[in-house]
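Comments concern the structure below.
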2 protein chains.
Amino acid sequence: MISFTEENYLKALLRISFDSGETGVGTNELAMNLGVKPATANDMLKRLRDKALVDFEKYKKITLTIAGKKIATEVIRKHRLWETFLYEKLEFSWDEVHDVAEQLEHIQSTKLIDKLEKFLDYPAFDPHGDPIPSKGGELTKQFRKTLLDIPVGQLCKMVAVKDNSSAFLQYVVKVGLGINNEIYVQSRQEYDALMVIEVNGVASSVSEKFAENIYVV
Amino acid sequence: MISFTEENYLKALLRISFDSGETGVGTNELAMNLGVKPATANDMLKRLRDKALVDFEKYKKITLTIAGKKIATEVIRKHRLWETFLYEKLEFSWDEVHDVAEQLEHIQSTKLIDKLEKFLDYPAFDPHGDPIPSKGGELTKQFRKTLLDIPVGQLCKMVAVKDNSSAFLQYVVKVGLGINNEIYVQSRQEYDALMVIEVNGVASSVSEKFAENIYVV
DNA sequence: TAAATTTGTTAGGTTAATCTAACTTAATTA
DNA sequence: TAATTAAGTTAGATTAACCTAACAAATTTA
């Protein structure tokens, strides 16, 4: 049996390597991501290696094994299905779903998640626009432009966010932004990439960090 | 913060004292109920006492404090709401809901459970016929007859079960019984209370233990 | 390339939740 | 009521998941 904590380590490994585009993940990077000390992560990695869920040699980068990747993908699948449930059926707002889904993703019941998926009518994307892996499927990579890639004077539409923290999401809401909203790029400062955008007729200044976390088409 | 395990201890204490009709619960009884050794339960009880969730003196019976009872009731509320969700929305069968609800009941989010309750349209009873406590409410005692109380030659209707284990529930299903089914009591053995009952035209022999776990009207 | 910095590991310790084995107190029964 | 049995407790161990402090390896930079 696999514990909540182990599932979280595997999920973090998959997400980090997916986001960075590289196969291997470093111990410190992983630890920081999970909010634990490197020593703790190192201990856990040894246990995950014993269970044949990660490949990991002393002082080298960590990669998931096939088995580890499968579990991690399944956790992400559950997370995104639960987010969809909370958003569509329980009227949770867009920025509230993540934290509750962090808990729900660890419920162990294949039947539950399959039935939930059916109940939601097999959704392909979660409320943040991220793709939901199918049963036994893979996490698919999609080409995604961020607000940072949009030139001045152009109009685009927000489809998802990269950062799922509620701190960020609440900021997004404050700027008046939501899924499928149109964004007009008014201007951009060369020096620090500070942009002025217009959403529903209201102009706001946003930082580079903000812009690179907004996916658009 | 309260752990899953602590919640389970509190829930068991409430359920045992509720079922037995007595205020105090013994250490061994509690331990047996939770599938742990008395020594383990004893350790935990000390911790729960430190947190002011139980009243407990050496060699004496255990009782819940107001705070402890409140948490326990809330866990039972969550459990029963989740059971209702699984049964009504996800097409789980009657005997499958319990085990998954055991996990779901520990999800920490007031908003989640309130929204779930609304989504289910404020149900008063779970799929086993047990009453669902309202928000901040109490576990209500209902007078309940069991199949054991029905005299020979009388017809009754099953409304709930006492034992929620899937072993028992699967047995119930095998006998052809379900919620709201009519039961006719054909005969009863004086010696061991073995009864012959008829459900939907099919006769079966059931033990005393079986009969006392079936609630009827 | 040698020094400095970053990254990763080890050793030893803590807490929650479990156990076994030995013991004590309470309750039952002869 | 004394002896037996049942119920409850304590002591000492274990495992998972975390920590700090000290150390080692790898990488970067001067």
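Hydrogens, waters and symmetry mates play no part in the numbers below; they use all other heavy atoms, side chains included. Lettering follows sequence order; numbering is per chain, from 1.
- In this model, the phosphate group of dA7(D) is not approached by any side-chain N or O of K61(B) to a distance below 4.0 Å at OP1 or OP2.
- A side chain to side chain donor-acceptor pair (under 3.5 Å) check over residues 27-46 of chain A, counting only residues at least two apart or in different chains, returns the pairs R15(A)-N33(A).
- Judged as a side chain to side chain contact (heavy atoms under 4.5 Å, CB included), and not counting sequence neighbours, the contacts of S187(A) are V196(A).
- Comment: K111(B) engages E96(A) in a salt bridge, judged by a side-chain N to carboxylate O separation of less than 4.0 angstrom.
- S204(A) pairs by the side-chain hydrogen bond (donor to acceptor under 3.5 Å, both in side chains) definition with nothing, not counting sequence neighbours.
- Near-neighbour residues of DNA chain C inside residues 34-44 of chain A, defined by a heavy atom below 4.0 Å, number-ordered: P38(A), A39(A), N42(A).
- By the ring-ring contact (aromatic ring centres under 6.0 Å, His included) test, Y171(A) pairs with F210(A), sequence neighbours left out.
- In this structure, the CE atom of M1(A) is 14 Å from the P atom of dA16(D), given to the nearest Å.
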Donor-acceptor list for residues 70-80 of chain B side chains, cut-off 3.5 Å, not counting sequence neighbours:
{"residue": "T73(B)", "atom": "OG1", "partner": "K69(B)", "partner atom": "O", "Å": "2.7"}
{"residue": "R77(B)", "atom": "NH1", "partner": "E117(B)", "partner atom": "OE1", "Å": "3.4"}
{"residue": "R77(B)", "atom": "NH1", "partner": "E117(B)", "partner atom": "OE2", "Å": "3.0"}
{"residue": "R77(B)", "atom": "NH1", "partner": "P133(B)", "partner atom": "O", "Å": "3.3"}
{"residue": "R77(B)", "atom": "NH2", "partner": "D114(B)", "partner atom": "OD1", "Å": "3.3"}
{"residue": "R77(B)", "atom": "NH2", "partner": "E117(B)", "partner atom": "OE1", "Å": "3.1"}
{"residue": "K78(B)", "atom": "NZ", "partner": "I107(B)", "partner atom": "O", "Å": "2.9"}
{"residue": "H79(B)", "atom": "ND1", "partner": "E105(B)", "partner atom": "OE1", "Å": "2.7"}
{"residue": "H79(B)", "atom": "NE2", "partner": "E83(B)", "partner atom": "OE2", "Å": "2.9"}
{"residue": "H79(B)", "atom": "NE2", "partner": "H98(B)", "partner atom": "ND1", "Å": "3.2"}
{"residue": "R80(B)", "atom": "NH1", "partner": "P131(B)", "partner atom": "O", "Å": "2.7"}

Shorter than 3.5 Å, N or O on both sides, protein versus nucleotides 22-28 of chain C: list them out with atom names.
none

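- Looking at residues two or more places apart in sequence or on another chain, you find a side chain to side chain contact (heavy atoms under 4.5 Å, CB included) between D192(A) and Q189(A), L194(A).
- Here the two rings, on F4(B) and Y9(B), have centers that are 6.0 Å apart or farther.
- One atom, NZ of K46(A), and another, C1' of dC18(D), lie 14 Å apart when rounded to the nearest Å.
- For the pair L45(A) CG and dT7(C) P, the interatomic distance rounds to 16 Å; values are reported in whole Å.
- For A160(B), the side chain to side chain contact (heavy atoms under 4.5 Å, CB included) partners two or more places apart in sequence, or in a different chain, are R144(B), Y215(B).
- Residues that satisfy the side chain to side chain contact (heavy atoms under 4.5 Å, CB included) test with K51(A), not counting sequence neighbours, are E6(A), L53(A).
- Counting only residues at least two apart or on different chains, no side chain to side chain donor-acceptor pair (under 3.5 Å) pair has a member in residues 59-68 of chain A.
- Rounded to an integer number of Å, the gap from CG of L30(A) to C1' of dC18(D) is 14 Å.
- Of the residues in residues 3-29 of chain A, G26(A), T27(A), N28(A) come within less than 4.0 Å of DNA chain C through at least one heavy atom, sorted by number.
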